[in-house]
Undergrad: 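Mind looking over this structure? Questions follow.
Every chain is numbered from 1, with letters handed out A, B, ... down the list of sequences.
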Amino acid sequence: MNKLNPRQIEAITAPDGPVLVLAGAGSGKTTVLIERIAYLIRERGVLPYAILAITFTKKAAEELRSRLTKQLGIGANDVWAFTFHAACSKILRRDIERLGYTKDFTIYDTDDSARIVKMCLNDLQLDPKQFNPRAMHACISREKNADVPPSRYEENFGGGKQIQEIYTLYVKRLRLNNALDFDDILLKTVELFEKNPDVLEFYQRKFRALLVDEYQDTNTLQYKLCAMLSAKSRNIFVVGDDDQSIYRFRGATIENILSFEKEYPDATVIRLEQNYRSTQNILTAANNLIENNLGRTGKSLWTDTGSGQPISLCRAENDYYEADYIADCIERHVNGGGKYSDMAILYRINALSNRIEEALRRRSIPYRVIGGTRFFDRAEIRDMLAYLHILNNPADDLRLTRIINIPPRGIGDKTIGGVIAEAAAKGVPMMDIIKQSAHPALARFYKIYENLRDLIDTMPLTELYDTLLETTGYVRVLREKNDFESDGRAENVMELKSTIKKFGDDFAEGTLSEFLESVSLATDVENYDAGANAAVLMTIHSAKGLEFPTVFIAGLEEGIFPSLRSLDPMDLEEERRLCYVAITRARRQLHITYSASRTLYGQSNYSPVSRFIGELPNECVEKAEHAVKAAPYGDMRVEATVRRTTEGRPYGVSSQRATGSRPYSVTPSPEVSFTKGSTVNHKAFGRGTVTNVSPMGGDALIEVAFDTVGTKRLMQKTASAHMTVES
DNA sequence: AGCAACCGTGTTTTT
DNA sequence: CACGGTTGCT
């Protein structure tokens, strides 16, 4: 304990009962959590299995577990260190039968859930255009997280009768499919406890101590869970930072941490304000920014390690230059002896990564993108997982309809519609209907299914997967297509086998059901390998809890950061906290960039600089020269939007993005290019000379001095259809 | 039944 | 821009 400061020691050795640790960014929060657990075990005689430590991300849980093992040895394995979702899943796997589900229950992600909503709309004959399935699901999710059942829906929303109907049917459908959505994992656990006091009491007795990380991000349901679990022992130790609450949109309520002292008047409250991560310049900037928020507990970070480099601020003309500036900085950093892996590029929205990826690729800078479209979200992976899901849970109609005719096996819309109707009429899963069907294609499908199903208890998962590939013909059909995209997809399908193998290596006794659960709860951040020498790109949300020597924050423009959709005061405060989180990720050097114009969603727009930049103190900030060595777009050729698809190792390598359920779009490079000085011939305007080319979004604005009609400005993409280059 | 081409629309952040 | 859904052809 000799490396700890007095405040930290106070937190670690706090007496029994409720404890609130308000821990600023970089103040050694995780260390305190770990030391507290070690202290409880060593000094207070608490047994490891009587400790429940909850985190928000899998990565945090893993880090907690590995550091505990280092500290305590093998006994640490008995500590329950999980995310809310993982802990609840574990509780549910044990007792969910009391709620009428079977233990093989399936977990639906946001995408699956939206599809279920869509089916509900169909049943209710409502127009999916009027009731956007994703928005409807967001509504339902919000209500679930606030613990509002369908029957009470209207109390919250006047005139929401149809939404209530959708919500009701949605709940029914999930149950029929023996499925839980993300929110249900928490909701059903609470329900389990409420309906079965003996189960609750079992866990209340089991857990002598509850510790919660990132407490500022808990929502009503999670709050309720914590309160229930600690009601007997009253040993609830929470760590958090109200300034870093960034999940309001997911129902997190900052009230939970702000009112902790009211809730537990006898609580021990400790503030950790000494920062061990960043330079004073970075901290001063962060402090100044966050002071613009009201309703904080009030905290000011400090360090004794010196002021460090000023924060560099760069204004770019457009997003191409912004990206190139970042790439240039990284290149110079590495030329000066630094590592690529020192650098992280953070942004508010995933859509900003594309331009930056292009710039990094152009300079051959190794990078990896965290988040965005996940490996598990690729169409072909979803297909394979769907097969595994129906083997695990035959009632999973959603997954069944996804793959029943993939690859094509003669089961068309009409046949599927018949099965759905009959299943609905009888109130049974679709598989029951298929089993008895005389339809030859359906019978053939059932045979495939049945044969595989017979193997799940006896065959190792990887072999089962091989057999699955074999009997469904999925890979064979891909290979037969013999094109670039299908090859990539086939590779991805094989890559899933590596995931399965790794799961088998990690959990020798792991079942299919557990594998699927691990996939459902997986995120991309935990796949981030800090050991690889590559720059990292991710959203600020993903970056929470991480730190890097050098951080770039890109896209500091009004409408992007803060987001256009977050302009009312409460949302704006959350955006500001997000910015605070971003700034405090940096250890030594922080670069902030913004762009006068930006092409987003296929449209180019001008936006003013973000208000957050004005909230940084001048003395910490230095304007950066826009040092573009060889102007990369000077004699511009329109860059084709050639996306690297899936060559190389399909996952975890830089520069790959899935483009959803359709084949990847590969646009060939346009042959025509106009450069300054070339002579052109236009269908309508005749002969002319190109006098200027400037980049403009994914296009370019070209100026042409025509021989007869004078100078005109044209967009290259449009003009190329009417204009040729004269040789 | 299956495929290709077209149109219209929405697009933050994620356990 | 990129998706989902629809239409129309084979």
Undergrad: Check side chain to side chain donor-acceptor pair (under 3.5 Å) between A/Asp506 and all other residues, then give those that pass, not counting sequence neighbours.
TA: A/Lys502

Undergrad: Do you know the tightest heavy-atom contact between A/Asp184 and A/Ala179?
TA: OD2-O, 4.4 Å

Undergrad: Are side-chain heavy atoms of A/Ile116 and A/Met119 found at a separation under 4.5 Å?
TA: yes

Undergrad: Would you say C/dG5 has OP1 or OP2 under 4.0 Å from some side-chain N or O of A/Lys118?
TA: yes

Undergrad: Whole angstrom is fine here: how far is it from CD in A/Glu574 over to C1' in B/dT13?
TA: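 It works out to 9 Å between those atoms.
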
Undergrad: Give a yes or no on whether a donor-acceptor pair under 3.5 Å exists between the nucleobase atoms of B/dT12, that is its base, and the side chain of A/Arg348.
TA: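 Side chain to base: pair found, below 3.5 Å.
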
Undergrad: Would you kindly give the CG-to-C1' distance between A/Asp413 and C/dT7, to the nearest whole Å?
TA: 13 Å

Undergrad: Counting heavy atoms from C-beta on, name the nucleotide in B/dT14, B/dT12, B/dG2 closest to the side chain of A/His541.
TA: B/dT14

Undergrad: With heavy atoms under 4.0 Å as the rule, sort A/Thr415 into base, sugar-phosphate or nothing.
TA: sugar-phosphate

Undergrad: I want to check a possible cation-pi pair here: A/Arg355 against A/Tyr320, using under 6.0 Å from ring centre and within 45° of the ring axis as the test.
TA: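 Yes, a cation-pi geometry.
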
Undergrad: Does a side-chain N or O of A/Thr539 approach OP1 or OP2 of B/dT14 to a distance below 4.0 Å, or not?
TA: yes

Undergrad: Separation of A/Lys544 atom NZ from B/dT15 atom P, in whole Å?
TA: 11 Å

Undergrad: Would you say a side-chain N or O of A/Asn350 is under 4.0 Å from OP1 or OP2 of B/dT14?
TA: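 The answer is yes; a side-chain N or O of A/Asn350 sits under 4.0 Å from OP1 or OP2.
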
Undergrad: Closest-nucleotide mapping onto DNA chain B: is A/Gly412 or A/Thr83 further toward the 5' terminus? I mean the 5' end.
TA: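 Going by which nucleotide is closer to the 5' end, it is A/Gly412.
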
Undergrad: Using whole Å, report how far CZ of A/Arg248 lies from P of B/dT12.
TA: 16 Å

Undergrad: Would you indicate which nucleotide in B/dT12, C/dG5, B/dT15 comes nearest to any side-chain atom of A/Phe182?
TA: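 Within the option list, the nearest is B/dT15.
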
Undergrad: Whole Å only: how far is the CZ atom of A/Arg250 from the C1' atom of B/dT12?
TA: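 Taking atom C1' of B/dT12 as the reference, CZ of A/Arg250 is at 14 Å.
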
Undergrad: Does A/Ser542 make a side-chain N or O approach to OP1 or OP2 of B/dT14 shorter than 4.0 Å?
TA: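 Affirmative; the distance criterion is met.
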
Undergrad: Nearest of B/dT11, B/dT15, B/dA1 to any side-chain atom of A/Thr57?
TA: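 Selected nucleotide (nearest to the side chain): B/dT15.
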
Undergrad: Take the protein atom CZ of A/Phe131 and the nucleotide atom P of B/dT9, then report the distance between them rounded to whole Å.
TA: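 That distance rounds to 17 Å.
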
Undergrad: Would you mind reading off the distance between A/Asn145 atom CG and B/dT14 atom C1', rounded to a whole angstrom?
TA: 12 Å

Undergrad: Given the ring of A/Phe182, does A/Arg250 sit roughly above its face, with NZ or CZ under 6.0 Å from the centre of the six-membered ring and within 45° of the axis?
TA: no

Undergrad: What is the nucleic acid contact for A/Phe249, judged by heavy atoms within less than 4.0 Å: base, sugar-phosphate only, or nothing?
TA: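 Answer is base: heavy atoms of A/Phe249 come under 4.0 Å of a base.
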
Undergrad: Nearest to the side chain of A/Asn405 - B/dG2, B/dG10, B/dT13?
TA: B/dG2

Undergrad: With respect to the side chain of A/Asn132, which nucleotide from B/dT12, B/dT14, B/dG10 is positioned closest?
TA: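 For the A/Asn132 side chain, the nearest candidate turns out to be B/dG10.
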
Undergrad: Using a 5.5 Å cut-off between ring centres and planes within 30 degrees, is A/Phe84 stacked on the base of B/dT15?
TA: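 Stacking between A/Phe84 and B/dT15: absent.
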
Undergrad: Please compare A/Glu575 and A/His85 by the position of their nearest nucleotide in DNA chain B and report the one closer to 5'.
TA: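 Mapping each residue to its closest nucleotide by heavy atoms, the 5'-most match is A/Glu575.
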
Undergrad: What is the separation between atom CD1 on A/Ile411 and atom P on B/dG2, rounded to the nearest whole Å?
TA: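 Computing the A/Ile411:CD1 to B/dG2:P distance gives 9 Å.
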
Undergrad: Give the C-alpha distance, both sets of side-chain angles, the deciding distance and a yes or no for ring-ring contact (aromatic ring centres under 6.0 Å, His included) between A/His137 and A/Tyr108.
TA: CA-CA 12 Å; A/His137 174 248; A/Tyr108 283 168; over 10 Å; no

